[in-house]
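To keep things clear, I will list the structure first and then write my remarks on it.
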Amino acid sequence: MDNNDLSHDKSLDFIRQIIAEDLKNGKHTAPVTRFPPEPNGFLHIGHAKSICLNFGIAQENNSRCHLRFDDTNPSKEEAAYVESIKTDVQWLGYDWGDDLFFASDYFDKLYEYAIELIRRDKAYVCRLTAEEMREYRGTLTEAGKESPYRNRSIEENIELFQGMKEGKFETGSHVLRAKIDMASPNLNMRDPVIYRIMKVDHHRTGSKWCIYPMYDYTHCLSDAMEKITHSLCTLEFEDHRPLYDWFLDTLETSSHPRQIEFARLNLTYTVMSKRKILQLVTGGYVTGWDDPRMLTISGLRRRGYTPASIRNFCSEIGVGKKESWIDMGVLENSARNDLNETAPRVMGVLDPLKVIITNYPEDESEEVEAKNHPQKPEMGTRRLPFSREIYIERTDFMEDPPKKFFRLGPGREVRLRYAYFVTCVSVIKDESTGLVSEIHCTYDPATHGGNAPDGRKVKGTIHWVSAAHALSCQVRLYDRLFAVENPDADKEVDFKEHLNTDSLTVLTNCLVEPSLANTAPGTSVQFERQGYFCVDTADSKPEHLVFNRTVGLRDSWAKSQG
Ligand code: ATP
Ligand code: MG
């Protein structure tokens with residue numbers, strides 16, 4: 001095996017192996033792929049799998065991947081979706097160059113192909129009603145019946161089809177069907193409809209057409225016209241492949257792309273169909289297509305996922321032939337892994353508890369030096385203001401802590417990250433509620449920077465912000481949008497019944513260190529010991545930041561010791 005022979009490389013998925021084989025055999029000089037979304041909604045994480053596969057193959061081979069909008073159904077499609085899809089593909093890091101296409105650009109060609117099918121006696125105009133057509137179609141165990149209109153003359157069919165195009169017939173009254181085999185064991189081959197009348201304007205062709213081609217017919221011919229070599233789709237199209245091939249063989253197209261099916265991505269705790277996501281949006285169950293709880297690309301972006309984290313996720317799950325479920329934790333992990341490398345560390349307190357350092361001079365402050373990334377000195381340092389009044393996380397204090405609680409409690413000493421050792425000397429409570437309202441500590445000035453010259457150790461290091469300098473902000477914590485692993489499992493129960501009612505928690509009294517002032521929307525940081533947070537692109541303002549928690553830290557404690 002020479003070094004360039006990838007066809008038996010076991011590290012390649014089965015599609016890349018097929019392509020390597022085709023290149024080796026000289027069947028193709030370069031693979032040409034396409035990503036063919038229907039512009040009827042925003043893209044989701046399932047589409048990302050297909051994008052990474054198709055554009056990834058083109059990138060690896062220095063070849064092309066087309067972006068083609070499958071816009072054959074004018075009633076469900078909108079120009080706004082086209083724009084969102086382009087934005088998302090580019091954001092993921094892919095470029096279609098000059099190869100941007102619309103199936104609607106082929107409407108004239110597709111019409112000519114249909115006339116050609118009629119000329120070859122391979123298509124006919126049928127007047128059965130939708131219900132009759134269902135009856136005639138037969139079942140898996142029973143052959144279908146031929147339509148009484150099946151044997152019209154070629155001339156009559158051409159005239160009727162032209163009439164359909166000219167708007168002479170009512171919506172639903174006539175269809176053009178392929179003439180294949182009503183007894184085929186494959187139901188897709190029982191004279192499928194290839195054109196229907198729809199008196200609806202199209203987002204690109206306006207009122208030019210009142211007949212629209214069906215997906216199966218359009219898709220294979222669009223692939224052939226664009227000279228796609230490998231047409232990659234999900235498994236549910238496996239039974240459509242004979243039809244895909246039939247159209248191309250019957251019309252003797254000069255190019256005959258090969259359709260290959262792979263398993264779609266299924267993720268736990270979510271729904272992954274644009275139709276269902278649309279219901280969540282229009283029903284007000286979420287704030288929009290880009291709600292950070294949604295697994296749309298725009299939702300993930302707003303939540304703080306990076307393009308690399310999504311690409312890494314797609315590469316990790318791989319491409320296979322077998323349906324499987326991927327745990328949401330796998331996706332979260334890929335965000336964590338990427339952000340761990342890139343996100344600067346900062347101090348943020350989600351549930352502040354006031355601490356007064358009684359032996360620190362009033363009206364004074366100083367700056368301590370903090371690392372932006374403990375493992376990456378090249379990311380530099382910043383100065384944090386420190387003063388007599390600070391805030392710590394309420395959960396970092398316990399009035400009556402158990403032995404294993406290594407944070408603050410009466411008489412206990414901890415390290416304030418990058419600052420000093422402090423010891424809790426008294427606890428102030430709110431008389432009416434009994435809750436701790438403030439704690440008093442003393443600090444050891446000799447421990448400046450967080451290290452004791454006498455070698456004394458403390459078990460805990462906690463984060464803090466200076467009261468006078470901290471910025472107040474809002475933090476949104478997200479939990480899974482659905483309460484069950486597979487909201488679609490029971491067909492009797494509407495998936496919306498399974499929505500998690502606690503999927504959003506808004507914290508309004510949070511505090512962050514002043515270095516975050518004017519942080520640009522979309523910026524990701526790690527709040528030390530808390531997780532990764534991203535400045536919200538829709539609601540954050542320079543004077544009042546809003547953060548989305550992207551994902552928590554797996555092991556918050558270990559991470560803060562660096
Ligand atoms: P949806 O049901 O969410 O609307 P779709 O398949 O109808 O999905 P399209 O816009 O037609 O959406 O899909 C564009 C491409 O993305 C297709 O090639 C399709 O196979 C692929 N795709 C869609 N969902 C998934 C998924 N969950 N996993 C992998 N690929 C997917
Ligand atoms: Mg679809």
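Whatever order the structure lists them in is the order used to number ligands and atoms, beginning at 1. Sequential numbering from 1 along the given sequence is applied to the chain's residues.
Using a 4.0 Å cut-off to heavy atoms of Lys274, the atoms of ligand 1 that qualify are 1 (P), 3 (O), 4 (O), 9 (P), 10 (O), 12 (O). Of all the atoms in ligand 1, the ones that sit under 4.0 Å from a non-hydrogen atom of Met272 are 3 (O). Near Pro37, the atoms of ligand 1 lying under 4.0 angstrom from a non-hydrogen atom of the residue are 10 (O), 14 (C). For ligand 1, the atoms closer than 4.0 angstrom to any heavy atom of Ser50 are 16 (O), 18 (O), 21 (C), 30 (N). Near Thr234, with a cut-off below 4.0 Å to any heavy atom, the atoms of ligand 1 are 20 (O), 29 (C), 30 (N), 31 (C).
For atom 25 (C) of ligand 1, the choice among Cys233, Ala263, Gly46 with the nearest heavy atom turns out to be Gly46. Counting heavy atoms only, His47 comes closest to atom 13 (O) of ligand 1 of the residues His47, Glu261, Glu236.
For Pro36, no nitrogen or oxygen atom sits less than 3.5 Å from a nitrogen or oxygen atom of ligand 1, counting backbone and side chain alike. Residue Lys49 places no N or O, backbone or side chain, under 3.5 Å from any N or O of ligand 1.
Shown here is Asp98, whose CG atom has no more than 12 heavy atoms of other residues, nucleotides or ligands within 6.0 Å. Counting non-hydrogen atoms of neighbouring residues, nucleotides and ligands closer than 6.0 angstrom, the CD atom of Glu236 exceeds 12 such neighbours.
Between His66 and Phe101, the ring planes lie tilted relative to each other; the angle falls in the 30° to 60° range.
Ion pair Glu38/Lys274 not flagged as a salt bridge, since none of the NZ, NE, NH1 or NH2 atoms sits closer than 4.0 Å to an Asp/Glu carboxylate oxygen. Taking the charged nitrogens against the carboxylate oxygens, Glu131 and Arg134 have no contact shorter than 4.0 Å, which rules out a salt bridge. Using a 4.0 Å cut-off between charged side-chain N and carboxylate O, Arg301 and Asp88 make a salt bridge.
Contact annotation for His44 and ligand 1: only side-chain heavy atoms (C-beta onward) come within less than 4.0 Å of the ligand. The proximity of Phe237 to ligand 1, defined as any non-hydrogen pair under 4.0 Å, does not occur for either the backbone or the side chain.
Side-chain N or O atoms of Asn548 include none that pairs as donor or acceptor with a backbone N or O of Thr550 at under 3.5 Å.
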With side chain to side chain contact (heavy atoms under 4.5 Å, CB included) as the criterion, how do Phe495 and Gln279 come out once you've worked through the C-alpha distance, each side chain's angles and the decisive distance to 0.1 Å? CA-CA 10 Å; Phe495 72 100; Gln279 287 183 45; 3.5 Å; yes

